[in-house]
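What's counted below: heavy atoms across the whole structure, side chains too, no hydrogens, waters or symmetry copies. This is a predicted model, so every value here is computed, not measured.
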Amino acid sequence: MSGPWDRGPRPPRPPGGAPRSRPAPAGPRAPRRDTTEPAAPGGTAAQARRPARREELRLYGLNAVDAVFRRRPEAIRKVYLAEARIPVLKPLLAWCVKHRVGYRVVADEDLERLAASAHHEGVVADVQRTAPLPLQDWLASLAPGAPALALWLDGVGNPHNFGAILRSAAHFGAAVLLPPASELALSGAAARVAEGGAEAVPLVRLPQTGAALDALRGAGFQLAATVVRGGDSLFDTALPPRLVYVMGAEGEGMDPALAAACDRRLSIPGTGAVESLNVAAATAVFLARWAARG
């Protein structure tokens, strides 16, 4: 599987309209998957879709749900859990009772249906989504002159890669910067892979590229384009106390104009036995090198 920066800067996208849709295949339709929500005793089954409002998010996994409970319990809207998870989730359930937040004990297959995943770990929760911070607000929150680290995700879209990136960013104390047109957002899958790290990482919405570059440089940041080949060795380069790593999109690589606008280009040297690292693995290496800069 190719990584997001495996091929260096991506070529400019050609102009053109939206791709044509395929005609529907002839013949009978396949049966639809059952998506009914487990019914309350004596009640009727409701639709078990993800929260209809964009402001809400369906999380699953013990660490993902527990991180929301510890950091912003007021965001929790509803909880579903397996009976076996009652002992470990007692503090959360007590909070739900006190604040009149609904919870329901359901069967394992119902949790799998609610999460649309077998990796629910016995708990699913609907929570209020938090909007990304504007760049200027995040910059204003930094201690004057203090070291700071961020990741500019230029097109990264795979939720499992995003979750792994969030986990590494939480471990090393980095923020994640999202371009203005990016549709990347926290999902249940990403939050589960992040193992609670999603709640610890500032998500920051960037303005247009030129304004973002000016604001970051004005706050003392340098920007490093991360490339597979042709960059300075990450391990032989002195890194500044304020740094933004720019990570390119899976498969397509980095926007060439953005790469050219960066202050430096960095590569991770290796044996050459494989073409490159996956974006999540590469991100962890870049973050660890900054943390060990001395």
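Side-chain contact between Trp95 and Phe69 is present, with at least one heavy-atom pair separated by less than 4.5 Å. Contact check for Gln208 versus Pro180: side-chain heavy atoms found under the 4.5 Å cut-off. Contact of the Lys78 side chain with the Arg104 side chain is registered, since non-hydrogen atoms from C-beta on lie closer than 4.5 Å. A 4.5 Å side-chain heavy-atom check between Thr130 and Arg72 finds at least one atom pair inside the cut-off. Using a 4.5 Å cut-off on side-chain heavy atoms (C-beta onward), Phe286 and Met247 make contact. Put simply, the side chain of Pro147 reaches to within 4.5 Å of the side chain of Arg293, judged on heavy atoms. A heavy-atom distance below 4.5 Å is not found between the side chains of Leu92 and Asp66. For the pair Ile76 and Val65, the minimum side-chain heavy-atom distance is 4.5 Å or more.
Scanning all heavy atoms of the two residues, the minimum distance from Pro132 to Leu178 falls at CG-CD1, 4.4 Å. Minimum interatomic distance between Glu195 and Arg167 (heavy atoms only, all atoms of both residues): CG-NH1, 3.4 Å. Between Ala115 and His120, the closest heavy-atom pair is CB-CB, 4.1 Å. For Ala170 against Val201, the heavy-atom pair with the smallest separation is N-CG2, 3.5 Å. Residue Ala174 comes nearest to Pro202 through the heavy atom pair O-CD, 4.1 Å, listed as atom of the first residue, atom of the second, then distance. Smallest separation of non-hydrogen atoms from Ala212 and Leu206: CB-CD2, 4.1 Å.
Following chains of ILVMFWY side-chain contacts shorter than 4.5 Å, one cannot reach Val193 starting from Leu111, and the two form parts of different hydrophobic clusters. Cluster membership for Tyr245 and Leu166, using ILVMFWY side-chain heavy atoms within less than 4.5 angstrom, is shared.
Between Ser187 atom OG and His160 atom NE2 the span is 7.5 Å, to the nearest 0.5 Å. How far CG of Asp154 is from CG of Leu177: 11.5 Å, rounded to the nearest 0.5 Å. Here Arg217 contributes atom CZ and Leu223 contributes atom CG; the two are 5.5 Å apart, rounded to the nearest 0.5 Å. With rounding to the nearest 0.5 angstrom, the CG atom of Leu133 is 7.0 Å from the OG atom of Ser141. To the nearest 0.5 angstrom, Leu277 atom CG is 9.5 Å from Thr283 atom OG1. Arg229 CZ to Ile268 CD1: the interatomic distance, rounded to the nearest 0.5 Å, is 13.0 Å.
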Handout entry: Residues Leu139, Phe221; criterion side-chain contact (heavy atoms from CB on, under 4.5 Å); working and verdict
Key = CA-CA 10 Å; Leu139 292 175; Phe221 283 89; 3.8 Å; yes
Exercise for the section: Start with the C-alpha distance between Asp255 and Thr209, add both sets of side-chain angles, then the distance that settles side-chain contact (heavy atoms from CB on, under 4.5 Å), and finish with yes or no. Expected result: CA-CA 11 Å; Asp255 185 321; Thr209 301; over 6 Å; no
Problem - From CA spacing to verdict: side-chain contact (heavy atoms from CB on, under 4.5 Å), Leu89, Tyr103 - result: CA-CA 11 Å; Leu89 293 173; Tyr103 73 87; over 6 Å; no
Handout entry: Leu266/Leu239 under side-chain contact (heavy atoms from CB on, under 4.5 Å): CA gap, chis, key distance, verdict
Key = CA-CA 10 Å; Leu266 295 175; Leu239 300 178; 4.0 Å; yes
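Remark: Glu83 CD is loosely packed, at most 12 non-hydrogen atoms of other residues, nucleotides or ligands lying under 6.0 Å away.
A donor-acceptor contact shorter than 3.5 Å links the side chain of Trp290 to the backbone of Pro240. Between the side chain of Arg242 and the backbone N or O of Ala219, at least one donor-acceptor pair lies under 3.5 Å. At distances below 3.5 Å, at least one donor-acceptor pair connects side-chain atoms of Arg205 with backbone N or O atoms of Ser182. Looking only at distances, a side-chain donor or acceptor of Arg85 sits under 3.5 Å from a matching main-chain atom of Glu121. Between the Arg264 side chain and the Ala225 main chain, no donor and acceptor come within less than 3.5 Å of each other. A donor-acceptor pair under 3.5 Å is formed between the side chain of Thr226 and the backbone N or O of Val246.
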